[in-house]
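Down below is the structure, laid out as structure tokens.
When a residue number appears, it is its place in the shown sequence, counting from 1.
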Amino acid sequence: MRRAASKNWQFRLHETIYESNTPAGKAFDIGLLIAIFTSIAVVMLDSVQRFHDRYGEVFFLLEWVFTVIFTIEYILRLICIKKPLSYVFSILGIIDLIALIPSFLSFFFVGAQSLLVFRALRLLRVFRIFKLGHFLTEIRFLSTALKGSVRKISIFLFTVLMLTIILGSVMYLVEQRENGFSNIPESIYWAIVTITTVGYGDISPVTPAGKFLAAVVMLIGYSIIAVPTGILTHDLAMLAREKKELPESCPNCSREGHDLDAQFCKFCGASLERS
């Protein structure tokens, strides 16, 4: 009886923390979301000197309150799954740990000079924003699409690199080492800035031929800027058609991405039944 009660308690805690299709899970996610955004706002406001001078002690107290909250959340995530190490070494687990470490490391830096290090460690707390990954149920779906697009995008970037080298070299010849185009690397820099539509304006052609070439490069930049987006969108659409997965995560290893009719986890083999 005690073992069954323990399992039911663990399952209920797992559904509350890892799932979002129950009232308790939704309430937990909303509360955690508010805590994350508020903690990030506190770090940002504390970086403003006038706010730090006036409310520094309040910000310090709030940071430790959020640290305690996130520490409790981290511990609860470990005790409600059967294989806690699978969470510890997962991407989200590592991110959660990174969000906690700076606060506790500050205990080891004492003295006037270490205060500067302490302020630097506090800046690392903005990594809490990556804890939002807990709420992005499609993050694995997006990462799969990105992995499938790597080869196509790499070929595209290599083509653009070759194009900028050619255009930069041509501009170097056209401007005849004047108006900032003193060498080929500087000219390639101009081609990259222009073809990406950034346009710093620190180097610009003056001759009619140079201006004509610059106009061509700008038009090329606008025409190719949508290519990576199209590649990724196509892969996302293809994956969306094939996607048929359960929204729940495994109570044993906390991983998601199971088929709709799955009864066992395809990663660790544990049962997906909640009772």
Could you list the donor-acceptor pairs under 3.5 angstrom formed between side-chain atoms of residues 159-169 and any protein atom two or more places apart in sequence or on another chain?
unit_1	atom_1	unit_2	atom_2	d
T159	OG1	I155	O	2.9
T164	OG1	V160	O	3.3
T164	OG1	L161	O	2.7
S169	OG	I165	O	2.8

Could you list the donor-acceptor pairs under 3.5 angstrom formed by side chains in residues 201-217, with sequence neighbours left out?
unit_1	atom_1	unit_2	atom_2	d
D202	OD2	Y189	OH	2.9
T207	OG1	E175	OE2	2.6
T207	OG1	G210	N	3.1

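To the nearest 0.5 Å, the span separating CD1 on I81 from CG on L76 amounts to 11.5 Å. To the nearest 0.5 Å, the span separating CD1 on I17 from CG on L78 amounts to 9.5 Å. A distance of 10.5 Å separates CD in E15 from SG in C80, rounded to the nearest 0.5 Å. Going from atom CG of L85 over to atom OG of S90 covers 10.5 Å, rounded to the nearest 0.5 Å. Remark: E57 CD to L61 CG distance equals 9.5 Å, nearest 0.5 Å. For the atom pair R77 CZ and L13 CG, the distance stands at 10.0 Å (nearest 0.5 Å).
Cluster annotation: I36 is connected to I72 through the hydrophobic network of ILVMFWY side chains, with a link wherever side-chain heavy atoms come within less than 4.5 Å. Transitive grouping of hydrophobic side chains (ILVMFWY, heavy atoms separated by less than 4.5 Å) keeps V198 and I188 in distinct clusters. Neither I192 nor V170 shares a network with the other; the hydrophobic side chains, linked directly or stepwise wherever heavy atoms of I, L, V, M, F, W or Y lie under 4.5 Å apart, form separate groups for each. The hydrophobic clustering, which links ILVMFWY residues whose side-chain heavy atoms are closer than 4.5 Å, places V42 and F60 together. Side-chain heavy atoms closer than 4.5 Å link hydrophobic residues (I, L, V, M, F, W, Y) into clusters, and following such links, possibly through other members, connects L45 to F66.
Side-chain contact between S182 and Y172 is absent, with no heavy-atom pair separated by less than 4.5 Å. For the pair M44 and I40, the minimum side-chain heavy-atom distance is below 4.5 Å.
In this view, I101 and L97, L105 satisfy the side chain to side chain contact (heavy atoms under 4.5 Å, CB included) rule, not counting sequence neighbours. By the side chain to side chain donor-acceptor pair (under 3.5 Å) test, T194 is found to be paired with W190, residues two or more places apart in sequence or in another chain being considered. With sequence neighbours left out, V48 forms a side chain to side chain contact (heavy atoms under 4.5 Å, CB included) with R50, F51. With sequence neighbours left out, Y74 forms a ring pair (Phe, Tyr, Trp, His ring centres under 6.0 Å) with Y87.
Grouped with Y222 in a hydrophobic cluster is no other residue, since no side-chain heavy-atom contact under 4.5 Å to another Ile, Leu, Val, Met, Phe, Trp or Tyr is found. M218 belongs to no multi-residue hydrophobic cluster, having no ILVMFWY side-chain contact under 4.5 Å with any other such residue. Membership of an apolar cluster is not assigned to L219, as no side-chain contact below 4.5 Å to another ILVMFWY residue is traced.
For the pair F28 and E73, the tightest heavy-atom approach, listed with the atom from each and the gap, is CZ-CG, 3.9 Å. Counting all heavy atoms, side chain and backbone alike, V193 lies closest to Y200 at CG1-N, 3.4 Å. When all heavy atoms of F70 and S39 are compared, the pair lying nearest together is CE1-OG, 3.8 Å. For F181 against S187, the heavy-atom pair with the smallest separation is CD2-OG, 3.5 Å.
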- Message: Run the side-chain contact (heavy atoms from CB on, under 4.5 Å) test on I98 and I94 for me, step by step, so that the C-alpha distance in whole Å, both residues' side-chain angles and the decisive distance to 0.1 Å come before the verdict.
- Response: CA-CA 6 Å; I98 291 176; I94 294 173; 3.9 Å; yes

